[in-house]
Amino acid sequence: MRLKGHLGADAALVLVTLVWGLTFVTAKDVLEHWPPLAYLALRLGFAALVLVALFPRQLVEAGRAEWRAGATLGLLFGLSFSGQAFGLVLTTPSRSAFVTGLTTPLVPLVAFVLLKARPSRENLLGVVLASTGGVLFLVPREGGTVNAGDLITLCCTTLFAAHLTYMSVYAQRFDVRQLTVLQIMVAAALAVLVWLGVNAYVAMRGTEALPSMLAREAGPLVWSGRVLWQLGFLALVATVANFLMWTWAQSRMSATHAAIIFSLEPVFATLFAVLVRGAGEWTGGVRATLGAMLILCGVVVSELRLGRREAVVVNQ
């Protein structure tokens, strides 16, 4: 069995995954006081301003092809990230991370649909294992109901997989800084426009016709020193720095290779959540634990090469 990859890029992506694992519990804390769209608009908007200030030349020199790539990635990320934030309001950080982890076995299937890249038998076995684990993880215990936050997050996994697939292609074609600033700008613009649109609707017609989740957007924002440093961390470290490292790393590997490294995200997220929020963070009992283990097994198996030799490329 052998995994292939570039050591430096692998290390960078592990660091990216570690930081993202921490963002689940940090974002959950912010979302207990802030509505999701306001949180996304401020986080992504601040990150976009920082990136524009850092790389104005890359923005000015961007052509039609670069904007098309950035817009595609930005829309996919903005939509999937927004859904994840709404789901996180209704579930725990660790559960959100494990459901997001189902993105990994989906990547080979999405890559086949979008790029005609044929999935291997290990990819298909990984999908079966992870899907079985997902059913065990998501189906409630007797007498319970399916967690709405888990379902919202589950609906985002295909978008996340498409983003990861296209990122692997575009990161090899375009400048890392240019691609990062363009996609974060587009994602930020999407979040800000929707947030302003919801508030404009509320100002004209009130909150009666809106779902309770969107009605929260009309409420006042709770500011504190804790919220400020959390938003600073989420914007500067988890968005600006992480996206630069991620784009650089993925230009040196395939989407499916990146996906196996991202399988560490729910492990990191659960570890941080238990450390910060206590052992009660993990809910669901034995069946959910078994489902989480099968999800991890599925994402690992999907990237192994069983019984086959592969050439190892040495970069000199």
Side-chain angles (χ1 to χ4, degrees), residues 19-53 74-75 77-97 99-100 147-153 155-156 159 183-243 269 272-273 276-278 280-281 283:
V19 172
W20 273 342
L22 181 56
T23 64
F24 280 90
V25 66
T26 309
K28 177 68 174 180
D29 197 31
V30 174
L31 289 168
E32 288 179 350
H33 308 286
W34 278 40
L37 288 176
Y39 152 71
L40 291 170
L42 268 292
R43 173 181 171 177
L44 295 178
F46 182 41
L49 290 175
V50 171
L51 285 167
V52 170
L75 288 173
F77 175 72
L79 290 171
S80 55
F81 196 50
S82 298
Q84 186 188 63
F86 276 98
L88 188 55
V89 173
L90 303 173
T91 189
T92 66
S94 58
R95 291 186 67 87
S96 177
V99 176
T100 303
N147 185 293
D150 292 345
L151 290 180
I152 294 173
T153 308
C155 292
C156 299
L159 293 175
Q183 67 172 309
I184 296 302
M185 278 183 57
V186 171
L190 176 65
V192 170
L193 288 174
V194 175
W195 179 43
L196 292 176
V198 170
N199 278 274
Y201 180 90
V202 170
M204 291 187 295
R205 300 197 175 184
T207 60
E208 291 78 8
L210 289 176
S212 58
M213 187 74 74
L214 287 179
R216 285 186 60 201
E217 301 293 336
L221 302 181
V222 179
W223 293 97
S224 66
R226 182 183 180 90
V227 168
L228 284 175
W229 80 255
Q230 287 175 326
L231 286 174
F233 167 77
L234 290 167
L236 297 176
V237 179
T239 306
V240 174
N242 251 26
F243 263 81
F272 288 130
V276 174
R277 300 171 69 91
E281 161 67 21
T283 60

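Shown here are the side-chain contact (heavy atoms from CB on, under 4.5 Å) partners of V240, two or more places apart in sequence or in another chain: A47, V50, L51, L54, L244. Scored by the side-chain contact (heavy atoms from CB on, under 4.5 Å) test, A189 finds no partners at all (sequence neighbours excluded). For the ring-ring contact (aromatic ring centres under 6.0 Å, His included) test, residues two or more places apart in sequence or in another chain that qualify with W20 are W246, F262. Taking Q183 as the reference, H163 meet the side chain to side chain donor-acceptor pair (under 3.5 Å) condition, with sequence neighbours excluded. A search for ring-ring contact (aromatic ring centres under 6.0 Å, His included) contacts involving W229 returns nothing, not counting sequence neighbours. Judged as a side-chain contact (heavy atoms from CB on, under 4.5 Å), and not counting sequence neighbours, the contacts of V192 are A41, L196. With sequence neighbours excluded, no residue forms a ring-ring contact (aromatic ring centres under 6.0 Å, His included) with Y39. With sequence neighbours excluded, the residues forming a side-chain contact (heavy atoms from CB on, under 4.5 Å) with S80 are C156, L159, F160, listed by chain and number. Remark: T23 pairs with no residue by the side chain to side chain donor-acceptor pair (under 3.5 Å) rule, at least two apart or across chains. Under the rule for a ring-ring contact (aromatic ring centres under 6.0 Å, His included), the partners of F81 that lie at least two apart in sequence or sit in another chain are F77. Residues forming a side chain to side chain donor-acceptor pair (under 3.5 Å) with T91 (at least two apart in sequence, or on another chain): D150. Not counting sequence neighbours, S82 has no partner by the side chain to side chain donor-acceptor pair (under 3.5 Å) test.
The main-chain N or O of N199 is never found under 3.5 Å from a side-chain atom of E217 such that the two would form a donor-acceptor pair. With K28 contributing its side chain and T92 its backbone, the two residues share no donor-acceptor pair below 3.5 Å.
Interatomic distance, D29 CG to W34 CH2, rounded to the nearest 0.5 Å: 12.5 Å. Residue T153 holds its OG1 atom at 8.5 Å from CG of L90, rounded to the nearest 0.5 Å. Rounded to the nearest 0.5 angstrom, W195 CH2 and L42 CG are separated by 5.5 Å. Here the straight-line distance linking atom CE of M185 with atom CG of L49 works out to 9.0 Å at 0.5 Å rounding.
Between F24 and R95 the shortest side-chain heavy-atom distance does not fall below 4.5 Å. The closest side-chain heavy-atom distance from L231 to F46 is not below 4.5 Å. Looking only at side-chain heavy atoms (C-beta outward), V222 and V227 stay at 4.5 Å or farther from each other.
Shown here for R43 and T239, the closest heavy-atom pair between the two residues is NE-OG1, 3.0 Å. Between L221 and P35, the closest heavy-atom pair is CD2-CD, 3.9 Å. When all heavy atoms of F233 and L22 are compared, the closest pair comes out as CZ-CD2, 3.6 Å. Of all the heavy atoms in L88 and S96, the pair that sits closest is CD1-CB, 3.8 Å. Minimum heavy-atom separation, L44 to A188: O-CB, 3.4 Å. Between V89 and P36, the shortest heavy-atom distance links the atoms CG2-CG, 3.7 Å.
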